[in-house]
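Any value given below was found using the heavy atoms of this structure, including those in side chains, with hydrogens, waters and symmetry copies removed. Numbers for residues simply follow the sequence, beginning at 1.
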Amino acid sequence: MAPVPPGVRLLVSFDRDQWYRALTFILTFLLYTSFHLSRKPISIVKSELHKNCSPVSELATFASSGSQQLSLHTDMDCSWKPFDKSNYKQLLGAMDYSFLCAYAVGMYLSGIIGERVPIRLYLTVGMLTSGLFTCLFGLGYIYNIHSLGFYVFVQVANGLVQTTGWPSVVTCIGNWFGKGRRGLIMGLWNSHTSVGNILGSLIAGYWVSSNWGLSFIVPGLIIAAMGVVCFLFLIEHPNDLRGIHAQTSSPGNSAPSSCWTSPVNGHREVYLQYKDNKSKSYDTELLLPRDSVCVPVQPVVVVKSESEPSAISFMGALRIPGVIEFSLCLLFAKLVSYTFLFWLPLYITKAAHLDAKKAGELSTLFDVGGIVGGVLAGVVSDKLGKRASTCAVMLLLAAPTLYGFSMISELGLGPTIGMLLVCGALVNGPYALITTAVSADLGTHKSLKGNARALSTVTAIIDGTGSVGAALGPLLAGLLSAGGWDQVFYMLMTADFLALLLLLRLVTKELTSSKPRPISAVEMKEH
């Protein structure tokens, strides 16, 4: 058989790697969608755990005082013990706080553990156990459990095991995709958060009025099933794939990579796929291929590591420029986002006088706006090369928009729909950008000298700090809402303003620095 021409081998390899990149993109998207899908039901079920008892109470008034059966029936129909007390908002807030506080603490540990164990196994175990605890919460309805301690325990346990998700999927996506369109690609990819919230709202809302236990059990089964899919199909790093192809290819074939190589002057000349003959490495082509040609770039030396890079320390990660500022900024940005995540359906129920199912469906518009905001933030930051400035502008616009939402939501359904979309975009845009593209940029910072294993720790530090805010927001909302919802919105606007202040140094640095020149050489590293 005649040997396959090098150009053909290149194109076949290119297509193969593109498909694996697409598979990683889609798979990690679905995996983290299932995480948020399983977190959302609690916000939908809140309005069912404590219902408006006034109609039932009026019915009970006309009943005879000796009808004990009717009294018990109306009590069960009204609210679910122990959330039938007047301090139900504080109890629901404490339940949110239990989950989010455990999530924040566990996140710092999760990144460190994630660097030292196989991501595929770590993520699989986390998803299976998260499915178990999500189902346990729903079983509280099936087995008529009214102990606050039981629900708090399940929330704490679920918060801990869900920390396996974010560092793992961000590390995988960071391993497969370069910096060329990182903001755009990760903006699209990060829409899994909003898609998960939307699906979780719809699934939970379907059963919330008839059997709210299924609102948790079904999402729990979904995330457990996705854990099995993760175990079977997830490929952590392109080098894992190359190792597989290296074992199955014959000695006469080309190197198991996305390019064809040949010896030139003692080096290996690398031919990469470029778009429109522009000097962009193959790693930045991502999922947007066009008509392409094969052109040679300057010879590079492929360096083989003698040993695996050591995991970065916690303090070492903090010394990376920008990690502290973005972490603290995310604390306040995520405070706002998660307050909406856990309390928006209940607020709509009270403000618009809707039932739990309709309020849950309406709250999905906030997540639709979040998808648009995340993509917009990614595209703009890619175009300008200024991540901090992009976040700052959206935070600046978010604060007055939140005030407008608190006013307009009382005027009717139409204005509320429009403001939900705008608020979702401005609130979730900075949050999405920091947790994805910014985390990946900092986790592959030049000061790390190619140590890709640091990405998990850096991601965990940033999101862990943000999760502290995520824990405080819903708790404060539960406490402040007792004095009126206006106080909650003032708290959210203050948080956005503080997030903006924390970015001012980085914004000033971006605006005063000159635009970096394109990299002329390609550096490759095998390990």
TODO: To the nearest 0.5 angstrom, please state how far the OG atom of Ser327 sits from the CD1 atom of Ile462.
DONE: 4.5 Å
- [ ] For this output row, return yes or no: ring centroids of Phe150 and Phe137 closer than 6.0 angstrom.
- [x] no
- [ ] In sequence, state the C-alpha distance, the side-chain angles, and the governing distance for Leu49 and Tyr88, and then conclude on side-chain contact (heavy atoms from CB on, under 4.5 Å).
- [x] CA-CA 9 Å; Leu49 295 178; Tyr88 72 97; over 6 Å; no
TODO: For Thr134, enumerate each residue passing the side-chain hydrogen bond (donor to acceptor under 3.5 Å, both in side chains) test, keeping only those at least two apart in sequence or located in another chain.
DONE: Asn158
Open item on the list: Restricting to salt bridge (Lys or Arg N to Asp or Glu O under 4.0 Å), what partner residues turn up for Asp367, sequence neighbours left out?
Closed with: none
Open item on the list: Looking only at side-chain N and O atoms, does Ser43 offer a donor or acceptor that is under 3.5 Å from a partner on Trp343?
Closed with: no
Task: 4.5 Å side-chain heavy-atom contact, Ile217 and Leu221 - done: yes
Task: Sequence-distant partners of Asp463, salt bridge (Lys or Arg N to Asp or Glu O under 4.0 Å), two or more places apart - done: Lys334
Open item on the list: Please verify the inter-ring angle class for Phe216 with Trp212; under 30° counts as parallel, over 60° as perpendicular, anything in between as tilted.
Closed with: perpendicular
Open item on the list: Would Trp176 and Ile185 count as a side-chain contact (heavy atoms from CB on, under 4.5 Å) here? Give the steps.
Closed with: CA-CA 11 Å; Trp176 278 93; Ile185 292 299; over 6 Å; no
Open item on the list: Using the rule given for side-chain contact (heavy atoms from CB on, under 4.5 Å), can you reason through Leu31 versus Leu27, listing the C-alpha separation, both sets of side-chain angles and the distance that settles it, and then say yes or no?
Closed with: CA-CA 6 Å; Leu31 294 180; Leu27 182 56; 4.2 Å; yes
Identify every side-chain donor-acceptor pair in residues 427-438 under 3.5 Å, counting partners at least two apart or on other chains, and give the distances.
residue, atom, partner, partner atom, Å
Asn428, OD1, Ser337, OG, 2.8
Thr435, OG1, Tyr431, O, 2.8
Thr435, OG1, Ala432, O, 3.2
Thr436, OG1, Ala432, O, 2.5

Open item on the list: Is it the case that the ring center of Tyr141 lies less than 6.0 angstrom away from the ring center of Trp80?
Closed with: yes
- [ ] Run the salt-bridge test on Asp96 and Arg39 with the 4.0 Å N-O cut-off and return the result as yes or no.
- [x] no
- [ ] Using the side chain to side chain donor-acceptor pair (under 3.5 Å) rule, take Gln162 and Ser38 through it: C-alpha gap first, then chi angles, then the decisive distance, then the call.
- [x] CA-CA 10 Å; Gln162 285 230 346; Ser38 66; 2.9 Å; yes
- [ ] Anything under 30° is parallel, anything over 60° is perpendicular, the rest tilted; go ahead and classify Tyr347 against Trp485.
- [x] perpendicular
Open item on the list: Quick one, Ile461 with Phe326, criterion side-chain contact (heavy atoms from CB on, under 4.5 Å). Give me CA distance, side-chain angles, the key distance, then yes/no.
Closed with: CA-CA 10 Å; Ile461 289 175; Phe326 276 114; over 6 Å; no
TODO: Check the side chains of Glu236 and Thr24 for a donor-acceptor pair under 3.5 angstrom, ignoring hydrogens and angles.
DONE: no
- [ ] Check ring pair (Phe, Tyr, Trp, His ring centres under 6.0 Å) between Phe366 and all other residues, then give those that pass, not counting sequence neighbours.
- [x] Phe340
Open item on the list: Quick check: do Tyr151 and Ile145 have side-chain heavy atoms less than 4.5 Å from each other?
Closed with: yes
Task: Gap between atom NE2 of His192 and atom CG of Leu30 - 0.5 Å precision - done: 10.0 Å
- [ ] For residues Lys40 and Pro345, report the shortest heavy-atom separation together with the two atoms involved.
- [x] NZ-CG, 4.3 Å
TODO: Check whether any side-chain heavy atom of Leu346 lies under 4.5 Å from a side-chain heavy atom of Phe342, and answer yes or no.
DONE: no
Open item on the list: Just so I know, are the side chains of Phe83 and Leu148 near enough to count as touching, which here means a heavy-atom distance under 4.5 Å?
Closed with: yes
- [ ] Sequence neighbours left out, what pairs pass ring-ring contact (aromatic ring centres under 6.0 Å, His included) with at least one residue falling in residues 89-131?
- [x] none
Open item on the list: Once you measure the plane-to-plane angle for Tyr403 and Tyr490, does it fall in the parallel (<30°), tilted (30-60°) or perpendicular (>60°) bin?
Closed with: parallel
Task: Closest approach of Ala499 to Cys329 (non-hydrogen atoms, all atoms of both residues) - done: O-SG, 3.5 Å
